[in-house]
A.B. asks: 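Following this message is one structure expressed as structure tokens.
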Amino acid sequence: MRWNRRELAQLKQLWSEGQSAAQIAGHLECSRNAVCGRLTRLGLTRGHKPPTAKPKIRSVPKRGPTLMAARCDRVRKKLPQKALETRPQEMSKRQLYAILAEAVRNTVRAIGAAISRV
DNA sequence: CCCTGATTCGC
DNA sequence: GCGAATCAGG
């Protein structure tokens with residue numbers, strides 16, 4: 001459907017008057033979905049379902065068995081090749097302890113400095 | 001089940 | 001960009 005200037009004006013007008021999407025769709029002789037889609041694209045909303053109101057995990061719409069595979073491929077393409085090949089280097093227990101010890105020393109020093117300032 | 005608006009995604 | 005399909009809520 002082509003949305004000319006006039007139809008857009010009607011859309012905005014009726015929507016601002018509080019008409020439902022279905023009613024507007026009737027006036028414009030198109031589907032309710034078309035109206036909703038256009039409104040979304042225009043950034044118009046009545047906050048009927050605010051994003052923060054009821055956060056729920058949206059169930060994955062099933063639109064074909066290859067959907068998952070396609071998405072995985074899309075992600076894979078964005079990753080640099082090295083990220084797929086190289087493995088994160090393992091750290092020895094000794095190295096981990098060294099890091100922890102340094103963190104502790106830093107913390108102790110920071111606290112000591114703060115106390116001496118009081 | 002009916003309605004509502006909101007969102008996704010193939011085209 | 002469009003809208004059918006589908007979502008979630010009342």
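Chain letters run A, B, ... following the sequence lines, proteins first, then strands; residues in each count from 1. Worth saying up front: this structure is predicted, and the values here are computed from it rather than measured.
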A.B. asks: Can you tell me how far P of dC3(B) sits from CD of Q23(A), to the nearest Å?
C.D. replies: 12 Å

A.B. asks: Is there a side-chain contact between R32(A) and C36(A) in this structure, where contact means two heavy atoms from C-beta onward sitting under 4.5 Å apart?
C.D. replies: yes

A.B. asks: Report yes if a side-chain nitrogen or oxygen of W15(A) is closer than 4.0 Å to either non-bridging phosphate oxygen (OP1 or OP2) of dG5(B); otherwise report no.
C.D. replies: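 No, W15(A) has no side-chain N/O under 4.0 Å of OP1/OP2 on dG5(B).
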
A.B. asks: Quick one, Q23(A) and L14(A) - any side-chain contact, counting heavy atoms below 4.5 Å?
C.D. replies: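 They are not in side-chain contact.
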
A.B. asks: With the side chain counted from C-beta on, respond yes when L11(A) and L44(A) share a heavy-atom pair under 4.5 Å apart, and no when they do not.
C.D. replies: no

A.B. asks: Roughly how many Å is it from CZ in R46(A) to C1' in dT4(B), rounded to a whole number?
C.D. replies: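 Rounded to whole Å, this separation is 10 Å.
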
A.B. asks: Quickly work out the R32(A) CZ to dC3(B) C1' distance and round it to whole Å.
C.D. replies: 8 Å

A.B. asks: Do the side-chain N or O atoms of S20(A) get closer than 4.0 angstrom to the phosphate oxygens (OP1, OP2) of dC3(B)?
C.D. replies: no

A.B. asks: Among dA6(B), dT4(B), dG5(B), find the nucleotide with the atom closest to the side chain of A22(A).
C.D. replies: dT4(B)

A.B. asks: For the pair made of CG in N33(A) and C1' in dA4(C), what is the distance, rounded to whole Å?
C.D. replies: 6 Å

A.B. asks: Which residues in residues 35-43 of chain A have a heavy atom closer than 4.0 Å to any atom of DNA chain C?
C.D. replies: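 Contacting residues: R38(A), R41(A).
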
A.B. asks: Closer than 4.0 Å, any side-chain N/O of S31(A) to the OP1 or OP2 of dG3(C)?
C.D. replies: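 Negative; the distance criterion is not met.
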
A.B. asks: For L44(A) and dT7(B), what is the distance between atoms CG and C1' respectively, to the nearest whole Å?
C.D. replies: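 Between C1' of dT7(B) and CG of L44(A): 16 Å.
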
A.B. asks: Looking at W3(A), is R41(A) sitting on its ring face, NZ or CZ under 6.0 Å from the six-membered ring centre and within 45 degrees of the normal?
C.D. replies: no

A.B. asks: Considering residues, nucleotides and ligands other than E29(A), do more than 12 of their heavy atoms fall under 6.0 Å from its CD?
C.D. replies: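 No.
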
A.B. asks: For the pair R46(A) (side chain) and W15(A) (backbone), establish whether a donor and an acceptor sit closer than 3.5 Å, ignoring hydrogens and angles.
C.D. replies: yes

